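Let me begin by presenting the structure, written as structure tokens, before commenting on it.
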Amino acid sequence: MSPPLLGVEEGQGSVSSPADDCIPQNGLGIKEWNYLGLSDFSSVDSSGVTSSSEDSKNNLNLKATELRLGLPGSQSPERKTELCLLNSVKLDEKALFPLLPSKDGICLPLQKSVVTGNKRGFSDTMDGFSEMKGTMYTEKNWMFHGAGMDSQSQQASVKKDGPANAIKEQPCATNGTNLNRTSVSDNSRSAPGAKAQVVGWPPVRSFRTKTLATSSKNNDEVDGKPGPAAVFVKVSMDGAPYLRKVDLGMYSTYRELSSALEKMFSCFTLGQCGAHATHGKEMLSESKLKDLLHGSEYVLTYEDKDGDWMLVGDVPWEMFIETCKRLKIMKSTDAIGLAPRAMDKSKKDCQT
Amino acid sequence: MQKKVACSFPDEVLEHVFSFIQSDKDRNAVSMVCKSWYEIERWCRRKIFIGNCYAVSPRMVIRRFPKVRSIELKGKPHFADFNLVPDGWGGYVLPWIAEMAGAYPWLEEIRLKRMVVTDECLELIAKSFKNFKVLVLFSCEGFSTDGLAAIAASCMNLRELDLRDSDVDDLGGHWLSHFPETYTSLVSLNSSCLGSDEVSLSALERLVGRCTNLRTLRLNRAVPLDKIANILGRAPQLVDFGTGTYGADLQSDVFSSLAGAFSSCKELRSLSGFWDVVPAYLPAIYPVCSRLTSLNLSYVTIQSPDLVKLLRHCPSLQRLLVLDYIEDSGLEALSSSCKELQELRVFPSDPFGEEPNVSLTEQGLVSVCLACPKLQSVLYFCRRMSNVALVTIAQNCPNLTRFRLCIIEPRTADFLTLEPLDVGFGAIVEHCKDLRRLSLSGLLTDRVFEYIGRYAKKLEMLSVAFAGESDLGLHHVLSGCESLRKLEIRDCPFGDKALLANAAKLETMRSLWMSSCAVSFGACKLLGQKMPRLNVEVIDESGPPDSRPDSCPVDKLYIYRSVAGPRFDMPPFVWTMEEDSALQLNTIGNPIGSEWEHNMKGIQGLRAQMPFVLYLAELSNTSQW
């Protein structure tokens with residue numbers, strides 16, 4: 001019933017297809033969207049309907065990785081191998097970087113929180129809201145007794161429709177606009193231990209959490225738990241007027257990072273292809289964005305601790321988080337020569 | 001008659017009298033007495049505070065106050081500290097610096113908070129103001145140590161350089177060597193936020209050595225422990241010192257020289273820093289502890305017994321920042337050792353953990369409140385709370401002016417009764433009559449807002465998260481809190497009604513932030529249209545809000561009063577609700593007869609029939625409470 005918001009039909013590789021929004025997926029009558037506009041990828045999500053659409057979305061996402069993670073100029077066939085490489089690298093990670101038991105325990109909820117978009121507040125709010133709207137209606141009816149307003153009868157008549165309306169109207173809210181969204185209710189049903197992380201809550205400044213993270217690594221006095229995973233790095237893009245910041249700790253794969261970056265910088269690339277055209281219904285057309293980036297105009301690079309610029313995607317994710325100081329979305333023409341030197345570098349370090 | 005009296009004082013005399021009036025409020029009052037006082041006052045005002053850089057334009061300020069020497073500006077909303085404001089939102093100081101460079105060549109002081117400062121700005125400051133003395137960049141970003149080098153090289157009269165909590169691109173410590181060898185006027189240096197591993201120690205030592213007026217020195221983490229003795233030795237007059245790293249392998253000679261250095265600092269009253277603490281080195285500061293009034297241990301990751309050992313040496317302590325490793329037992333000990341305590345901040349060591357990792361509960365705070373009669377300011381992170389505890393705190397600390405409680409899990413109920421914490425916070429606002437700042441957390445219904453509206457008459461800043469049930473909550477606050485200046489709300493079910501009914505209130509406040517609430521786009525448009533002196537800005541990173549039905553809630557909303565009109569530096573994801581946009585309710589996509597549409601039309605209709613505020617008064621009169 002809500003109009004399609006992104007102007008993209010399903011099946012075009014859009015990450016957050018609006019058509020799905022309006023289909024009541026679970027008992028709540030709303031489909032939860034997480035921070036990245038992705039549906040819940042949680043493997044423990046029990047909802048059968050969601051998981052099938054998740055799979056299709058997974059497949060779509062594999063195809064839809066706009067930001068190139070490999071050498072510039074590589075074509076889609078190579079893309080598949082890149083991604084296979086990523087997957088195999090991921091497998092190797094576990095062998096190369098065996099996780100401590102405690103870290104495992106923590107990684108899991110973190111991963112979960114990342115995947116589900118780690119903002120629990122809004123869905124609770126919206127749940128509460130729909131409940132509250134129910135009570136509000138009863139209040140109002142009671143109050144209108146005394147007020148004797150003309151609207152009283154109208155209110156009474158819309159009362160029944162009210163809650164349904166509230167729920168139907170929610171999809172516009174949940175669809176990508178609101179960052180504080182997650183299916184925590186699903187989570188709580190399916191995995192009571194896992195906690196989703198809310199943006200900006202608890203209200204502790206990021207430099208404090210960053211400092212504590214490194215403090216507890218250095219200090220043996222405290223229990224060996226790694227600190228909270230807030231790793232903020234600056235992201236710049238050629239041609240964009242200002243920097244953005246991302247918390248690498250929010251993601252557990254390159255794919256998640258790249259789709260988040262896509263969303264963040266889409267307003268710039270759209271600006272380049274004519275922002276005035278996007279006013280109105282066409283905003284954030286995923287396919288338009290894809291066209292711009294798919295033409296392999298941009299590559300994602302990062303500056304590591306030694307100050308060298310490398311292509312993103314060559315090293316295991318955990319290593320990447322630790323060595324990445326900042327990110328840059330470069331024009332692929334500028335990125336020529338940034339061969340994946342990570343392996344060579346580490347070899348060199350071993351030799352010296 | 002009166003005119004004769006006014007003329008009998010020459011302007012110079014009045015100016016001289018006014019020079020004794022420092023506070024902005026008094027100055028504003030003076031300027032409103034009569035036209036001639038307005039004129040005299042504006043020519044002699046030297047210090048300007050602008051709480052929202054978008055509330056007024058640089059040109060307007062310069063036009064009215066041509067002889068300013070000191071300016072303080074604040075940019076982003078407070079919730080930017082917690083990453084709720086996307087990067088690129090705004091708060092650029094360059095337009096201000098550029099205008100002031102021409103208009104105020106004798107500008108001496110610039111204090112900025114939450115603004116974007118670039119190296120270009122810093123270079124412009126360095127080059128434009130010959131008598132520049134004070135630069136405070138509190139929680140700013142966008143600049144690097146190259147910009148600082150420019151300041152160091154050019155500002156011969158610089159007294160204060162304070163970068164606290166700023167996000168600086170630290171390219172290494174060489175910027176310090178840009179202070180010329182002839183430069184000796186430094187009084188205060190806070191570079192604790194610099195993150196690089198490199199620092200030019202020799203330049204630092206030489207600088208400290210030749211600036212004999214140095215009172216405040218806060219080092220960054222890169223300065224190792226074994227250099228502290230040397231630095232302190234050159235500045236025994238320090239009043240406020242922040243260490244760098246305070247950990248190293250224990251060596252007795254290092255320890256003894258450190259202890260000796262500290263004991264020669266007879267004026268030292270404030271200590272901070274202490275990154276990577278090795279507890280064995282803490283006793284080196286014992287010689288100064290008895291005189292300490294302020295101690296920032298918020299990066300000290302040591303356990304409670306070691307913390308308590310230290311705190312027992314500090315009977316004069318007025319201000320303590322500490323991690324929750326201190327635990328209830330440590331706070332109990334604190335309350336018996338430190339009777340002068342005025343401010344306590346307890347930060348979470350593991351804010352994102354699911355289970356508590358330390359034994360810190362409401363009891364710790366209660367024990368401090370019971371035993372420290374001078375307590376005024378509290379910031380406390382914990383995982384459980386009860387109404388009983390809050391009532392106890394309220395009754396024993398009626399002098400609280402700032403109370404910020406963060407119960408880490410949203411909507412946590414009273415752990416004893418499982419009820420909302422309305423009564424507890426109600427007691428706080430009822431008993432603490434001078435409360436100026438309040439942050440709520442835990443399970444809260446509309447009732448707490450009723451209490452706040454009724455009692456919190458001096459409240460200036462209120463932060464609300466995951467609380468309330470209906471618009472009534474917001475209405476209570478907006479209609480009841482007479483002194484309210486800043487209101488920030490996230491994840492609460494507050495919608496259009498209370499906001500629109502109290503639109504006039506918004507003009508008496510500095511700003512209102514609402515994110516993840518239920519305010520519709522249509523209401524924002526209506527507000528922007530009807531209130532020309534408010535800037536109503538919708539922040540939405542997923543695209544123009546007018547591509548969705550007007551009934552859709554906006555993601556983030558920032559409303560502030562302004563005499564400068566809408567700003568021009570908005571990024572693509574911020575939309576301003578202009579007053580001249582023809583208000584057409586976009587009902588396409590709304591179900592016919594939707595409640596929202598009905599409300600909006602009702603609001604417009606009601607304004608003809610009956611003031612909406614009365615309508616809401618009906619609601620609250622017949623409220624079930």
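Since this is a predicted model, take the numbers as computed values, not measurements. In the text below, chain A, chain B and the rest are named by the order of the sequence lines, each starting its count at 1.
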Problem set entry | Spacing of CZ belonging to A:Phe207 relative to OG belonging to B:Ser192, to within rounding of 0.5 Å | 8.0 Å
For this session: List the atom of B:Arg490, the atom of A:Val198, and the distance in Å for their closest heavy-atom pair.
Result: NH2-CG1, 3.1 Å
Problem set entry | Nearest heavy atoms of A:Val199 and B:Asn83, plus distance in Å | CG1-O, 3.8 Å
Problem set entry | Quiz item: cation-pi between A:Arg205 and B:Phe347, 6.0 Å / 45° | no
Exercise. For the ring pair (Phe, Tyr, Trp, His ring centres under 6.0 Å) test, which of B:Phe79, B:Phe352, B:Phe466, B:Phe381 pairs with A:Trp201?
Worked result: B:Phe466
Problem set entry | Portion of B:Leu323 that has a non-hydrogen atom of chain A nearer than 4.5 angstrom | side chain
Exercise. Do A:Pro203 and B:Asp81 have side-chain heavy atoms sitting under 4.5 Å apart?
Worked result: no
For this session: Identify which of B:Ser298, B:Ala465, B:Gly495, B:Gly247 forms the greatest number of heavy-atom pairs closer than 4.5 Å to chain A.
Result: B:Ser298
Exercise. Salt bridge check: are B:Asp169 and A:Arg326 linked by an N-O gap of less than 4.0 Å?
Worked result: yes
Exercise. Roughly how far apart are B:Asp167 CG and A:Lys234 NZ, rounded to 0.5 Å?
Worked result: 4.5 Å
Exercise. Going from OG on A:Ser236 to CG on B:Asp87, what distance comes out if it is rounded to the nearest 0.5 angstrom?
Worked result: 12.0 Å
